[in-house]
Amino acid sequence: MNKFISTAMPSFDVVNKIDAQTLDNALNNARKEITTRYDFRDSKTTVEYDKKSSTLHIVTENSMKIKAIEDIIMQRMAKQGIDPKSLDMGKEEYAAGAMVKKDVKIVEGIDKDVARKIVKAIKDAKLKVDPSMMEDQVRVSGKKIDDLQEVISLLRKSDFGIPLQFVNMK
């Protein structure tokens with residue numbers, strides 16, 4: 001018998017992450033569509049992405065155009081495979097002159113409240129797995145991979161208000 005066989009239990013991590021390049025592509029496509037649309041012709045609309053604060057800054061003439069820009073951004077994100085739930089729509093504010101400004105936060109990571117809900121949902125399912133909270137993710141480990149796959153299926157059916165990805169299946 002080989003004594004170097006790993007006895008680690010199978011596990012995976014539940015995370016909420018967005019690929020920066022994919023997000024950048026979606027936003028560039030949205031900007032391109034906004035500049036070519038008829039209803040935005042001669043408009044002073046800007047859509048800027050601040051990577052440090054992970055925030056979109058939208059400035060345009062009225063709230064109707066802001067709604068149209070939000071729809072375009074969500075469509076482009078969905079086409080790139082990014083869940084639009086990862087956007088936290090802020091409130092509209094009036095900028096200088098007749099301009100309207102809106103900051104949209106890109107949500108990444110799982111906060112403590114959502115992590116508690118995920119752990120509770122897993123424990124309530126009475127599966128033979130052990131969920132644990134780690135910083136901005138939840139690690140689930142169990143003896144059988146089938147149990148872990150049941151947990152993934154359970155979490156996909158549930159709505160926690162944020163998109164979830166399942167990574168590091170070992």
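Because the structure is predicted, anything quoted here is derived from the model rather than measured.
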Under 4.5 Å between any side-chain heavy atoms of [X] and [Y], yes or no?
| X | Y | result |
| --- | --- | --- |
| I82 | L23 | yes |
| D130 | V140 | no |
| T35 | F40 | no |
| V138 | D13 | no |
| T45 | V59 | no |
| V14 | L155 | yes |
| I73 | L27 | yes |
| F160 | I118 | yes |

Common cluster, [X]/[Y], ILVMFWY with side-chain heavy-atom separation under 4.5 Å:
| X | Y | result |
| --- | --- | --- |
| I106 | I110 | no |
| V119 | F166 | yes |
| I122 | M133 | yes |
| V15 | I162 | no |
| V114 | V151 | yes |

Would N25 and Q21 count as having a side-chain donor-acceptor pair, cut-off 3.5 Å?
yes
For S53 and D50, does a side-chain donor sit closer than 3.5 Å to a side-chain acceptor?
yes
Below 4.0 angstrom, N of the basic side chain to O of the carboxylate: do [X] and [Y] qualify?
| X | Y | answer |
| --- | --- | --- |
| R37 | D39 | yes |
| D124 | K120 | yes |
| D147 | K128 | no |

Would you give the length of the straight line joining atom [atom1] of [X] to atom [atom2] of [Y], rounded to the nearest 0.5 angstrom?
| X | Y | atom1 | atom2 | answer |
| --- | --- | --- | --- | --- |
| K65 | I69 | NZ | CD1 | 8.5 Å |
| M77 | L87 | CE | CG | 4.0 Å |
| K67 | T60 | NZ | OG1 | 14.5 Å |
| S86 | K17 | OG | NZ | 13.5 Å |
| K91 | E93 | NZ | CD | 8.0 Å |
| D24 | I18 | CG | CD1 | 12.5 Å |

Hey, could you give me each pair passing side chain to side chain donor-acceptor pair (under 3.5 Å) that has a residue in residues 98-117? Not counting sequence neighbours.
H57-D103, E70-K102, D113-R116
Once side chain to side chain donor-acceptor pair (under 3.5 Å) is applied, what residue pairs with a partner in residues 148-167 remain, sequence neighbours excluded?
K85-D159
Using every non-hydrogen atom in the two residues, find where [X] and [Y] come nearest and quote the distance to one decimal.
| X | Y | value |
| --- | --- | --- |
| P163 | D83 | CB-CB, 3.4 Å |
| L154 | A125 | CD2-CB, 4.0 Å |
| N29 | Q80 | ND2-NE2, 3.4 Å |
| S63 | V100 | N-CG2, 4.2 Å |

Report, as yes or no, whether the 6.0 Å neighbourhood of atom CE on M89 holds more than 12 heavy atoms from other residues, nucleotides or ligands.
yes
Apply side-chain contact (heavy atoms from CB on, under 4.5 Å) to K44 and list each qualifying residue two or more places apart in sequence or on a separate chain.
E61, M99
Check the pair S141 / F12 against side chain to side chain contact (heavy atoms under 4.5 Å, CB included), numbers first and verdict last.
CA-CA 7 Å; S141 55; F12 70 91; over 6 Å; no
